[in-house]
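Below: one structure, written as structure tokens.
In what follows, chains are A, B, ... by sequence order, proteins preceding strands, each numbered from 1.
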Amino acid sequence: MTKEISTHYDQSKESEIYKLWESSGYFNPDNLEGEPFTIIMPPSNANGQVHVGHALGFTLQDTIIRYQRMLGKKTLWLPGTDHAGFETQVVFEKKLEKEGRSRFQMTREEFYKEIWDFVQENKKQTEDGIKRLGASADWSRNMFTLDPRIIKIVYETFEQMYNDGLIYRDNRICNWCPKHQTGLSDLETKYEERTEPFYYFKYGPFTIATSRPETKFGDKYVVMHPDDKRYQDYKNGQKIELEWINGPITATVIKDKAVDPEFGSGVMTITPAHDATDFEIAQRHKLDFEQIIDKRGKLLPIAGEFVGVKILEARPKIIEKLKAKGLLEKVDENYKHNVQLCYKCSNLIEPQVIPQWYVAMTKEIKGKALRDKIKDAIESGEVVINPESKANFLKTWLNEIRDWPISRQTWWGIPIPAWYKGDKVKISEDSPGEGWEKDPDTFDTWFSSGQWPYATLMALGEKDFETFYPTRVLETGWDIIFFWVARMIMFGQYKTGKPPFSYVYLHGLVRDKDRQKMSKSKGNVIDPLGVIDTYGNDALRMALLVGNLPGNDLPLSEQKVKGYRNFANKIWNAARFVMQNTEGYDPSAKLHSDDENILNDLNQIIITATNQMNKYALAHAAEDLYHYFWHTFADKIIEESKAKLANPETKASTQRMLREILETNLKLLHPFMPFVTETIWQMNHKDLLMVESWPSNK
RNA sequence: GGACGGUUAGCUCAGCUGGUUAGAGCGCCUCGUUUACACCGAGGAGGUCGCAGGUUCGAAUCCUGCACCGUCCACCA
């Protein structure tokens, strides 16, 4: 039968192999024995196509899972998708914008229904993409972050943390995006250096400087450093009458160390409603303040004649007026400073004072703050982070962490289960009764996905939680170490008393062949499904695995994929040769000493590969196996076997040796290149290679 | 402003706790139409391991300083 096998490996049959695996039931740990080994798949955002970053993560996870399955573990790889609140809403609003629509012309219910349908459609597409990438995940346990069972657990955690004083609501300054109409955490903003005019104004006896004159209407506190000798004659609390933009005002002198005497004139006025530092000063001195700019970025009545004008349009007019009044002293046109932007739309963040829910990161409850629980898990080694340098990254971040705002003014997300009546607050999903008003906000997506490891397993039932929690490995991109990894450790420690996983493998960013970030605008995006169609799944997997060390970015080129397509074909043809020359071989044939030596050398490869896999050195294991198969087995052993096969005295031993090496190599390569190895295996076996035992050295 | 990472062949990178002629893949050059595979085989060229010091019998590997590249965090009115 083997005579007619094609000389080229046909990767178009890969989907059949996937179906074979899936229908075998072995993706489901209920059909496996042994010690549990769990990976929770980072839930993909259900808002679009799978991209090459997914392919990288799934390849790493699938390789680990397949290895562990072959070691005889009860492996669970739990897939899932994320509603991805803000992210998805942004994607959907862009779609609406293209259609000439806006969520602000819709009711909240209409909007929610449309985005729900949009997500359901994309969710299916995402899941199909994950399957096509070959993920040996247990689809019977597939989860979605908006599953009612998940939401219930998220609510329980919220209430529990509220009762413990770890979650609180406060009316304070927060990052506000005027375009998206929501507050954002610090992680959801970015900074950009800009050169803008810096204006010096006469403010009574002082000179104040600002790049944002449009915020200055309500400024009635003038602040300087307490030790600044230049202003020692002015006392804290002193009142000064002066002429300002819209007429005479009474200003109050405040002394505060937040002022840098070296900067500008060493004197500033504060706008607590729209600046974080100013807000802090105002809080320290218990100063009152007023909102100047509304949530859409327009001036409020306090601006007098400028009411209703957008701030950037108002700016030159305000300058004009101040100049006319003789209050403009000078302008520095080359002032460079950083402006804070929304990480999604790159519009200016306009801080606003808004009530939001927060998680207290540094408040000590029973001697430990949440921040310290994360630190402890890492420092004690309960959670090992690979690469180690990223653990230091995390620790540095934790040192300066601030409370985490978890409420968003978005509509797509899990509603916050809180109700208000006057000053009273009740945590409840349903209305507590007459006169209670529902909190209109939703949770930050990371508040639910941060609970993902235990929430999924608890949602699946007590037995699953008992069996599979804590999970073993978390594999994800290092860029979400703060957003997600840290918070999962925190929630896990809080809720279950245990970190949710013991090992974190962090991959980098996939870049194009010139190390450029992939982006639609550059047109250098690699579509993993297209690559698979052309070169095969195994080729893409190997291209993503070899030379890819944790934490490092990976340049991916078509040429690299092509190289591993060639390798898949090499395996195919070596197998073809062996099968054609070993039909009816005797598996118990007496081995000649040189064949025995060859098999002994193979043991070394097994030992090395096993050690590397146990250390999660996937790149090294993959490279070594590649090298052995091609340059030792194919180039030397097979070549030398040709003469030995022709000799009746050595034939039987050689046949047995070739078969054993081939089969061992198929097993060793299977976690990395599951399709070609399983396809070959199926030609001679009834059982699946996927559940064969990982080779052990004899 | 603070911190971290990197600098090894043309390119992408390995080189564990310092020890024989520094490795791989791709690329390049030469040769080869051998019945597993041209999606192949055989062979080859190519590196003063960023720079300057130091420790050592011995350093790509440890220490100090510098340069360049990259990343993250913070943020100044």
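Side-chain proximity of His620(A) to the nucleotides rC75(B), rA14(B), rA36(B) is greatest for rA14(B). Checked against rC39(B), rC72(B), rC26(B), the side chain of Gln559(A) finds its nearest nucleotide in rC26(B).
Heavy atoms of Tyr191(A) sit under 4.0 angstrom from at least one base atom. Residue contacts for Arg402(A): at a heavy-atom cut-off of 4.0 Å it reaches the sugar-phosphate backbone alone, with no base atom in range. If you check every strand for non-hydrogen atoms under 4.0 Å, His337(A) touches sugar and phosphate atoms only. Note on Ile208(A): nothing from the nucleic acid sits closer than 4.0 angstrom, heavy atoms only. Nucleic acid contact for Lys513(A): none, since no nucleic acid atom lies under 4.0 Å from a heavy atom of the residue. No engagement by Arg212(A) is indicated, since no non-hydrogen atom pair under 4.0 Å with the nucleic acid exists. Within 4.0 Å (heavy atoms only), Asn552(A) reaches sugar-phosphate atoms of the nucleic acid but no base atom. As judged by a 4.0 angstrom heavy-atom cut-off over every strand, Ala276(A) is placed among residues making no nucleic acid contact. Glu639(A) comes within contact range of at least one nucleobase, with a heavy-atom separation under 4.0 Å. Counting non-hydrogen atoms under 4.0 angstrom, Asn392(A) reaches nothing in the nucleic acid. Contact annotation for Val267(A): no contact, since no heavy-atom pair falls under 4.0 Å across all strands. Backbone-only contact: Asp635(A) has heavy atoms under 4.0 Å from sugar-phosphate atoms and none from a base. Counting non-hydrogen atoms under 4.0 angstrom, Thr269(A) reaches the backbone sugars and phosphates but no base.
Comparing rU7(B) with rC39(B), their P atoms are spaced 36 Å from each other, to the whole Å. Straight-line distance between the P atoms of rU8(B) and rC51(B): roughly 10 Å, to the nearest whole Å. Rounded to whole Å, the C1' atom of rG53(B) lies 15 Å from the corresponding atom of rA67(B). Spacing between rC62(B) and rC16(B) at atom C1', rounded to whole Å, works out to 15 Å. Annotation: rA24(B) and rC66(B) have their C1' atoms spaced 32 Å apart (nearest Å).
Each of Lys517(A) and Ser265(A) lies near RNA chain B, and the nucleotide nearest Lys517(A) is the one positioned closer to the 5' end. In terms of position on RNA chain B, the residue among Lys216(A) and Asn573(A) whose nearest nucleotide sits closer to the 5' end is Asn573(A).
Under a 4.0 Å N-O distance rule, the pair Lys13(A)/Asp10(A) qualifies as a salt bridge. With respect to the salt-bridge test (charged N to carboxylate O, under 4.0 angstrom), the residues Asp186(A) and Arg402(A) qualify. Salt bridge status for Asp595(A) with Arg656(A): absent, with no side-chain N to carboxylate O gap under 4.0 Å.
Looking only at atom types and distance, the side chain of Ser211(A) has no donor-acceptor partner in the side chain of Glu196(A) under 3.5 Å away. The closest side-chain donor-acceptor pair between Thr582(A) and Arg659(A) falls under 3.5 angstrom.
OP1 or OP2 of rC40(B) has at least one side-chain nitrogen or oxygen of Asn566(A) nearer than 4.0 Å. Look at His631(A) and you'll find a side-chain N or O under 4.0 angstrom from OP1 or OP2 of rG25(B). Side-chain N/O atoms of Arg576(A) include none lying less than 4.0 angstrom from OP1 or OP2 on rU35(B). Taking side-chain N and O atoms only, Lys390(A) has no distance below 4.0 Å to OP1 or OP2 of rG5(B). Contact annotation: Trp630(A) side-chain N/O to rG41(B) OP1/OP2 distance is under 4.0 Å. Taking 4.0 angstrom as the limit, Lys336(A) places none of its side-chain polar atoms (N or O) nearer than this to OP1 or OP2 of rC76(B). When the side-chain nitrogen and oxygen atoms of Thr277(A) are compared with OP1 and OP2 of rC76(B), one or more of them lie within a distance under 4.0 Å. Contact annotation: Asn569(A) side-chain N/O to rA38(B) OP1/OP2 distance is not under 4.0 Å.
For the pair Lys642(A) NZ and rA42(B) P, the computed distance is 11 Å after rounding to whole Å. Rounded to whole Å, atom C1' of rC73(B) lies 12 Å from atom CG of Leu398(A). Atom CD in Glu280(A) sits about 9 Å away from atom P in rC75(B), given to the nearest Å. Taking atom CG of residue Asp228(A) and atom P of nucleotide rC76(B), one finds them 20 Å apart after rounding to whole Å. Distance Asp553(A) CG to rU7(B) P: 14 Å, rounded to the nearest Å. Here rA74(B) presents its P atom at 9 Å from CH2 of Trp397(A), a figure rounded to the nearest Å. Look at CG on Asp260(A): it is 15 Å from C1' on rA74(B), rounded to the nearest Å. The CG atom of Asp332(A) sits 14 Å away from the C1' atom of rC76(B) (whole-angstrom rounding).
For a distance-only test at 3.5 Å, the side chain of Lys570(A) qualifies as a donor-acceptor partner of the base of rC37(B).
Lys216(A) has its side chain out of reach of Tyr203(A): every pair of non-hydrogen atoms, C-beta onward, lies at least 4.5 Å apart.
Figure legend. rC39(B) is base-paired to no nucleotide; pairs are counted as Watson-Crick or G-U wobble with both atom distances under 3.5 Å.
Arg172(A) forms a cation-pi arrangement with Tyr358(A), by the criterion of a distance under 6.0 Å to the ring centre and an angle within 45° of the ring axis.
The CZ atom of Phe217(A) sits 9.0 Å away from atom CD1 of Ile302(A), with the distance rounded to the nearest 0.5 Å.
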